[in-house]
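Structure first, commentary second.
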Amino acid sequence: MPEESKRLKHKNLLGMGDLDREDIILVLDSAVSMKEISYRPIKKVPTLQGKTIVNLFFEPSTRTKTSFEIAGKRLGADTINFTGKSSSVVKGETTLDTARNIEAMLPDMLVIRHECSGAPQMLAQYLKCPIINAGDGAHEHPTQALLDMYTIRERKNRIEGLNVAIVGDITHSRVARSNVFGMTRMGAHVTVAGPPTLLPPGIEKLGCKVTDKLEEAIDGADVVMMLRVQLERFETKLFPSLREYSERWGLNVRNVELARPDAIVMHPGPINRGVEISPEVADGPRSVILDQVQNGVAVRMALLYLMTGRS
Amino acid sequence: MSEARIVMDAKSMERALNRMAHQILERNRGVEGLVFIGIRARGDYLAKRLAAFLDKLEGASDKDRLPIGALDITLYRDDIELVRPEVRTSEVPGGTIANKSVILVDDVLFTGRTARAALDALMGYGRPKSIQLAVLVDRGHRELPISADYAALKVETARGQEVIVNLAEDGKNDSVLLK
């Protein structure tokens, strides 16, 4: 069976810039097949038997860490979780030393989450092992963007030509940044919206529209993606109160009607119920929030499969 | 390499699949509990054709046609360390083969490695009552202890020869060539 191997063009996935259109389609197509595995009575395949995948999480995470661990295990790999708090990081070991020590144990893949923007890029310069960025500071979260695009494609059968509104704390959001990169590359019309204090200057250079009016962003949208207010990343007070934020910037049963009748509502989680999204909308018929989580496993399985095959 | 030689034409393929359908019916004493699962690519087409022959033989109405599935064995290949082929979807009717008699269908049986991978893949869908292997062409040169329960054509080949299966579903004329 002489079949051509399908591989991504880059060894690492540090940001959406590592993936061209063809790569994105390969990941999303492969994930369709991977998703079916999770519905089998025995949801495990032997493909990555003997591969070791280390999840290096220097910053807290529920979804992403669990998702990567499940993805690796369903493909038959051994997955090891490392979290900053329970490690020598608290004894003062540097990120690079920690990563070098983990690499000395010969993993086949490192999945890295770090509170500092650029940490995975820095490590990639020193390590031979392929790296997936699982979120670095306010920089990028490429696997989230891929699972978001997968979910959109699953619901809308396309990404190209759709109106996507990304709303909230754009400045601190690596999810927004990765999604703007990825979705514009796939031909979507992306609008980012938020209070002026939470809109990073120059974001329009990434190819999206920018507005500080919620209604303008949601009007006629096919996809409304709400972002979490990342209070833990605020260094100064950027809006008067959560209540005021919720009133002016929260998605609720009234303003969601501005979007197209068949629009879907997304959120990368964790959600602040009643702040950026009302419970009625988060749990309502338009919400695909839990689909996003489910699809995350399939997309990460696809990436682990495609990225571990190098000699 | 020499010219391609036709070892099965459209007429004889139709007759051979029809005969195989009879054999499957006879051996299983009917169609109760049968499910046809074809290995992608081409095995899935043949599974559909075989099931259609059986439905006709049994006079099945639209609603009790035989269940048909398709299996992609990529993730079970024994050379997966070296390659990363495109992964296609698997579809098993009802998502399980528990207590079913599975007719596993492929176009060519050669080394037996694909059939081995398919057996492992099937086990992920529950414990079947039995699995029987049906192939269009058995060309010999097994590398694993695997044999077909039904083979429409057994053909002597040299190891380096190529068996080409053309099917109408791919927009070609039904035929098997030996090259």
Side-chain angles (χ1 to χ4, degrees), chain A residues 1-11 22-23 25-52 71-77 108-109 130 150 153-154 295 297-311, chain B residues 37 39-44 69-100 106-128 139 143 160 162-165 179:
Chain A
M1 34 182 145
E3 278 172 277
E4 198 195 334
S5 277
K6 304 274 185 176
R7 289 190 168 99
L8 301 178
K9 292 179 190 73
H10 289 88
K11 182 184 114 185
E22 197 186 4
D23 288 326
I25 291 170
L26 175 60
V27 173
L28 300 186
D29 283 347
S30 304
V32 173
S33 306
M34 294 298 180
K35 187 168 176 176
E36 186 263 340
I37 294 170
S38 294
Y39 288 94
R40 295 182 191 175
I42 298 169
K43 38 190 183 291
K44 194 183 190 73
V45 295
T47 316
L48 298 189
Q49 247 174 40
K51 300 275 185 204
T52 308
K73 289 198 152 101
R74 291 208 175 142
L75 283 172
D108 298 284
M109 169 74 75
Y150 181 100
R153 208 169 70 146
E154 190 177 60
N295 294 334
V297 173
V299 164
R300 289 172 178 122
M301 286 171 78
L303 285 168
L304 294 178
Y305 171 72
L306 294 166
M307 292 177 68
T308 48
R310 283 166 189 276
S311 47
Chain B
I37 296 180
I39 300 174
R40 289 193 202 273
R42 286 188 295 279
D44 48 342
L71 201 63
D72 179 69
I73 57 100
T74 307
L75 297 172
Y76 292 84
R77 284 168 61 143
D78 56 11
D79 57 352
I80 200 70
E81 181 59 32
L82 311 167
V83 294
R84 282 294 182 271
E86 183 184 354
V87 188
R88 288 159 297 188
T89 52
S90 293
E91 292 151 30
V92 169
T96 175
I97 56 167
N99 304 315
K100 297 280 186 187
D106 203 2
D107 57 349
V108 180
L109 179 58
F110 183 21
T111 61
R113 289 177 192 270
T114 300
R116 191 285 307 161
L119 291 174
D120 283 348
L122 282 176
M123 293 306 172
Y125 293 94
R127 183 180 189 271
R139 61 163 294 185
E143 292 169 3
E162 200 182 341
V163 174
I164 302 159
V165 176
K179 200 167 135 184

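Here is the naming used below: chain letters follow the sequence lines, and residue numbers restart at 1 for every chain.
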> Where does B:Ile80 contact chain A at under 4.5 Å (heavy atoms): side chain, backbone, both or neither?
Replying inline: side chain

Residue pair [X] / [Y]: nearest heavy atoms and the distance that separates them:
X        : Y       : answer
B:Gly126 : A:Pro41 : N-CG, 4.1 Å
B:Tyr125 : A:Glu36 : OH-OE2, 2.6 Å
B:Leu82  : A:Arg7  : O-NH2, 3.4 Å

>> Using side chain to side chain contact (heavy atoms under 4.5 Å, CB included), reason through A:Met34 and B:Leu75 one step at a time and then give a plain yes or no.
In response: CA-CA 10 Å; A:Met34 294 298 180; B:Leu75 297 172; 3.9 Å; yes

> How long is the span from the CZ atom in B:Arg127 to the CD1 atom in A:Ile42, to the nearest 0.5 Å?
Replying inline: 11.5 Å

>> In the structure I gave you, are the side-chain heavy atoms of A:Val45 and B:Tyr76 within less than 4.5 Å of one another anywhere?
In response: yes

> Taking it one step at a time, do B:Glu81 and A:Lys51 satisfy salt bridge (charged side-chain N to carboxylate O under 4.0 Å, His left out)?
Replying inline: CA-CA 10 Å; B:Glu81 181 59 32; A:Lys51 300 275 185 204; 3.1 Å; yes

> Would you say A:Ser33's side chain and B:Val87's backbone share a donor-acceptor pair under 3.5 angstrom?
Replying inline: yes

> Do the side chain of B:Arg84 and the main chain of A:Tyr305 share a donor and acceptor less than 3.5 angstrom apart?
Replying inline: yes

>> Quick check on A:Lys35 against chain B: is it the side chain, the backbone, both or neither that has a heavy atom closer than 4.5 Å?
In response: neither

> With only heavy atoms counted, which part of A:Leu26 is less than 4.5 Å from chain B, the side chain, the backbone, both or neither?
Replying inline: neither

> For atom NZ of A:Lys44, is the number of surrounding heavy atoms from other residues, nucleotides or ligands below 6.0 Å larger than 12?
Replying inline: yes

>> One pair to check against side chain to side chain contact (heavy atoms under 4.5 Å, CB included): A:Arg40 and B:Ser90. What are the steps and the verdict?
In response: CA-CA 10 Å; A:Arg40 295 182 191 175; B:Ser90 293; 3.9 Å; yes

